[in-house]
2 protein chains.
Amino acid sequence: MTYSEEDYIKAIYHLSKDLKSFASTSDIAAQLDTKASSVTDMIQKLSDKKVVHYKKYQGVRLTEKGEIYAASIVRKHRLWEYFLVEKLNFSWDEVHDVAEELEHIKSEKLIERLDVFLGFPKMDPHGDPIPDQHGQIPDIKKILLSAMKDEQRGIVIGVKDSSSKFLRYLDKLNIALGTEIKVLEKEAFDNSMAIVIDHKTVHISAITAANIYIKT
Amino acid sequence: MTYSEEDYIKAIYHLSKDLKSFASTSDIAAQLDTKASSVTDMIQKLSDKKVVHYKKYQGVRLTEKGEIYAASIVRKHRLWEYFLVEKLNFSWDEVHDVAEELEHIKSEKLIERLDVFLGFPKMDPHGDPIPDQHGQIPDIKKILLSAMKDEQRGIVIGVKDSSSKFLRYLDKLNIALGTEIKVLEKEAFDNSMAIVIDHKTVHISAITAANIYIKT
DNA sequence: ATAATTTTTTAGACATGGCTAAATTAATAA
DNA sequence: TTATTAATTTAGCCATGTCTAAAAAATTAT
Ligand SMILES: [Mn+2]
Ligand SMILES: [Mn+2]
Ligand SMILES: [Mn+2]
Ligand SMILES: [Mn+2]
């Protein structure tokens, strides 16, 4: 597979994970910042290679083979992100683009040795699970901060949006993975929230709250 | 620069380092296992980009800009090789192909952080010098084992041929970087040598001796 | 049910990097 | 010095992955 094909496979994987079904041409185009026509071309190629199921105008879904391939790319991406943060002292908002390149390096041995070297991490720096060699993902129970009720406590274990912008905003709020929080009050008017972090009260918007995962 | 352009730049760098002048089209083709016509095409592109000096039928030489670029690729290649051996427990004959890919990852920060993490190594696993951020290479005095005289002692500090085949042969002979050796006798007939490694006598061919660097 | 709109596909083009075969230039031998 | 051989370049082709514009299909609104 080329780098480009791998990026498409990963995009389809993420889209059909979220939407739990078929990924549309335009969704894939949006995800990869490309044109729908380019997506159609590539989809047809991936269909020939039996990594996706495709019927014209029906969108696309990964085959068994495609799922396994996708999981291996995600595994590499997240292991490299972990490496960059834990070993090279990158911050969590700097790792994505580099991992986007590193995930395509073709060597089974490399990734398995990296896994050993890192101590078999289960989560990447954004709290996303790292698939194992067989593509299995441990699914951790988590809820969105926006779904929490007044007085409820929990620990931040992940983010839904892992853009640099959002992550740097969380840094400013002193919210990191592992941070303990308590909901003081959810405002009925706009769903904004007052929460307590390290004994200080912080106000966050509904959008922010809907992008933070919590373990209760 | 594309991966392909970078591989050409690196090939020209190595060739004109050795030959100390212009690299010919056919030498480059041989180095990169491609066709002369493809090389001519690429050379013309690199010339447009001002990374090489090129006059038809005269061969090619790196410009100042090209030299700096080449050194940065070699730096990345060798730092990654060091990482693979020292941190991921690869052996010295397994690292080249993976480094051939890793050298193209585009992130200044990545490579500088890697350098820090590795403790600023000066040599790669084959004894080749790692250029610094400015492309400077520390030149270490070394001679070929084939140039040594009877009874002379020295330490193995590098290899000229770093193919897997040769490296695995050295493993079999118990020759590694840092190994102390003593020349017992150089045979005038075929230039083969009897040498002492760890109190044992070993016989090597002239070809083998001409691919091992020694510090005396 | 038909019309308007959106989505998707197709057609045709371009850039990159590769190839083979033919033409050209340089190097070597007679 | 001329002929032969070797090296290099050019011409023309192919595959990949991208794009725009046009056509076709599906969806939504009237
Ligand atoms: Mn990628
Ligand atoms: Mn991540
Ligand atoms: Mn390379
Ligand atoms: Mn090396």
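To find a chain, count down the sequence lines: A is the first, B the second, and so on, and within it residues start at 1.
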Nearest heavy atoms of A:Ile157 and A:Lys141, plus distance in Å: CD1-O, 4.2 Å

Please table the atom pairs, donor to acceptor, closer than 3.5 Å between any side-chain atom in residues 39-50 of chain B and protein atoms at least two apart or in another chain.
| from | atom 1 | to | atom 2 | distance (Å) |
| --- | --- | --- | --- | --- |
| B:Thr40 | OG1 | B:Ala36 | O | 3.2 |
| B:Lys49 | NZ | B:Glu5 | OE1 | 3.2 |
| B:Lys49 | NZ | B:Glu5 | OE2 | 2.8 |

Pairwise side-chain contact, B:Thr25 with B:Tyr57, heavy-atom cut-off 4.5 Å (strictly under): no

When the axes are fitted on five pairs at both termini, how much does the helix from C:dA1-D:dT30 to C:dA30-D:dT1 curve, in 10° steps? 0°

Distances under 3.5 Å between nitrogen or oxygen atoms of protein and nucleotides 1-3 of chain D:
none

Enumerate all atom pairs, one protein N or O and one N or O from nucleotides 23-26 of chain C, separated by less than 3.5 Å.
| from | atom 1 | to | atom 2 | distance (Å) |
| --- | --- | --- | --- | --- |
| C:dT25 | O4' | B:Tyr57 | OH | 3.3 |

Does NZ or CZ of A:Lys87 come closer than 6.0 Å to the centre of the six-membered ring of B:Phe83, within 45° of the ring's axis? no

Base of D:dT20 paired with side chain of A:Ser37 (donor-acceptor, under 3.5 Å): yes

Going by the ring pair (Phe, Tyr, Trp, His ring centres under 6.0 Å) test, which pairs reach into residues 3-51 of chain B, not counting sequence neighbours? A:Tyr3-B:Tyr3, B:Tyr3-B:His104

Quick one: A:Lys55 NZ to D:dA26 P, roughly how many Å, whole number? 13 Å

Would you call A:Tyr82 and A:Leu114 a side-chain contact if the rule is heavy atoms closer than 4.5 Å? no

Between N or O atoms, less than 3.5 Å apart, protein on one side and nucleotides 14-18 of chain C on the other: list the pairs.
| from | atom 1 | to | atom 2 | distance (Å) |
| --- | --- | --- | --- | --- |
| C:dG17 | OP1 | B:Thr2 | OG1 | 2.5 |
| C:dG17 | OP2 | B:Lys45 | NZ | 2.0 |
| C:dG18 | OP1 | B:Ser4 | OG | 3.1 |
| C:dG18 | OP2 | B:Tyr8 | OH | 3.4 |

Compare side-chain N and O positions of B:Tyr54 against OP1 and OP2 of D:dT8 and report whether any pair is under 4.0 Å apart. no

